[in-house]
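Below: the structure, in structure tokens.
Quick caveat, the model's predicted, so the values are computed rather than measured. What's counted below: heavy atoms across the whole structure, side chains too, no hydrogens, waters or symmetry copies.
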Amino acid sequence: MSLPHTLRTAASPRAATLHTATITALFHPTPTLRHLVLSSASPPPFAAGQWLDVHVPGIAQAGGFSLISAPPALELSVQRAPHNPAAARLWAPAEQVVGLEVQLRVGGGFTMPREMPRGVWLCAGVGVNPVLGMVAAGGRGRVLYSARPPWAWVERLVGTEGRVRVELFSTAAGEVPGGAERVWARRMAREDLERVLQEQGGAAAAGVWWFVCGPQGYADWCVETLRGLGVPPERVLCEKWW
């Protein structure tokens with residue numbers, strides 16, 4: 001059994017203040033994802049890419065969910081997870097969720113540097129969530145997104161008027177949404193990272209930041225591969241989800 005979010009991220013930066021918010025709407029991008037829209041009279045300040053501790057009434061442990069929006073909008077994507085008490089409560093019938101008041105605390109350091117001409121985002125599964133926030137906040141560059149159907153959020157990545165070029169890696173059979181520059185029916189491989197690295201000007205290219213987000217095994221592979229290709233470690237930011 002995995003550690004609760006608050007224990008797993010105990011060493012991560014966190015805001016001191018709790019903010020009250022109300023869930024005002026929900027949608028289902030896929031059968032296993034719930035898109036929550038929240039509003040607050042005093043919304044918490046945050047940077048695109050950060051997550052929220054979400055304190056749900058009646059649940060002892062806060063859930064941790066990445067913001068998929070740019071400030072000041074508050075939007076979350078919550079994967080159905082019956083073993084996660086906070087997520088399970090947020091997956092109750094819609095009439096029990098819309099109108100629910102929750103407490104929010106901002107945390108995490110997976111954010112875009114202030115001066116960042118362009119980025120390359122490598123993400124898998126729900127690791128796309130913080131990437132959505134960074135892209136919505138004006139991020140420019142490349143996104144390599146690995147997942148299995150049914151896909152979610154691709155329209156947000158490709159609908160950026162050319163700011164972001166998207167490649168999709170489909171790891172299972174099924175329909176893949178349109179709009180991406182390239183679609184691969186396989187897992188991401190070393191040659192993909194090497195190709196994109198060369199397109200960015202090589203490992204020594206100034207101003208390119210790499211962002212890695214996904215399950216632990218995937219994130220570790222990306223970081224090790226980039227290191228092997230000569231990308232400076234200080235240019236690689238990583239966040240893992242268990």
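For the pair Q79 and R34, the minimum side-chain heavy-atom distance is 4.5 Å or more. A 4.5 Å side-chain heavy-atom check between L104 and L18 finds every atom pair outside the cut-off. Contact annotation: the side chain of Q200 approaches that of V120 to within less than 4.5 Å [non-hydrogen atoms, C-beta and beyond]. The shortest side-chain heavy-atom distance between L132 and L157 falls under the 4.5 Å cut-off. At least one side-chain heavy atom of L90 sits under 4.5 Å from a side-chain heavy atom of L100. Residues L193 and L229 have side chains in contact (heavy-atom distance under 4.5 Å, counting atoms from C-beta outward). Two residues are said to be in side-chain contact when any heavy atoms from C-beta on lie closer than 4.5 Å; E167 and M188 fail this criterion. Looking at heavy atoms from C-beta onward, V37 lies in side-chain contact with F27 at the 4.5 angstrom threshold.
In this structure, R89 CZ and W91 CH2 are separated by 14.0 Å, a value rounded to the nearest 0.5 Å. Atom-to-atom distance recorded for L74:CG and S69:OG is 6.0 Å, nearest 0.5 angstrom. To the nearest 0.5 Å, atom OG1 of residue T9 and atom NZ of residue K240 are 14.5 Å apart. For the atom pair N129 CG and M134 CE, the distance stands at 11.5 Å (nearest 0.5 Å). Atoms CH2 and CZ, from W121 and R142 in turn, are 11.5 Å apart once rounded to the nearest 0.5 Å.
The two residues P117 and G207 make their nearest non-hydrogen contact at CD-O, 3.3 Å. Considering every non-hydrogen atom in both P177 and L168, the closest pair reads O-CD1, 4.1 Å. Shortest non-hydrogen contact noted between P149 and G174 is CG-CA, 3.7 Å. In terms of heavy atoms, A152 sits closest to T30 at CB-CG2, 3.7 Å. Minimum heavy-atom separation, V196 to W210: CG1-CH2, 4.2 Å. Here the closest heavy-atom approach between residue G109 and residue P13 is recorded as N-CG, 4.0 Å.
Side-chain contact of S170 with R186: a donor-acceptor pair under 3.5 Å is absent, judged by distance alone. Neither side chain, Q103 nor H19, offers a donor N or O lying under 3.5 Å from an acceptor on the other. T6 and Q61 share a donor-acceptor pair across their side chains, judged by distance under 3.5 Å alone.
The number of heavy-atom neighbours closer than 6.0 Å to CD of E115, taken from other residues, nucleotides and ligands shown, is 12 or below.
Classification of the W153-H35 ring pair by plane angle, with boundaries at 30° and 60°, yields perpendicular.
I68 and M112 end up in the same hydrophobic cluster when Ile, Leu, Val, Met, Phe, Trp and Tyr side chains are linked at under 4.5 Å. Linking ILVMFWY side-chain heavy atoms closer than 4.5 Å, directly or via other members, places W209 and V166 in a single hydrophobic cluster. Note on V143: it does not cluster hydrophobically with L197, by side-chain heavy-atom contacts below 4.5 Å among ILVMFWY residues. Under the 4.5 Å side-chain contact rule for hydrophobic residues, L26 and L38 share a cluster.
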Candidate pair R140 and T160, rule side chain to side chain donor-acceptor pair (under 3.5 Å), full reasoning: CA-CA 9 Å; R140 295 177 177 274; T160 59; over 6 Å; no
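Q50 contributes a side-chain N or O that, together with a main-chain N or O of A47, makes up a donor-acceptor pair within less than 3.5 Å. Using a distance-only test at 3.5 Å, with no hydrogens or angles considered, no donor-acceptor pair links the side chain of Y145 to the main chain of A124. Looking at D220, its side chain never comes within 3.5 Å of a backbone N or O of G217 through a donor-acceptor pair. Within the 3.5 Å criterion, the main-chain N or O of G49 finds no donor-acceptor partner in the side chain of T111.
Aromatic pair F46/W51: ring centres not closer than 6.0 Å.
Of the charged side-chain nitrogens involved, at least one lies within less than 4.0 Å of a carboxylate oxygen, so that R156 and E75 count as a salt-bridged pair.
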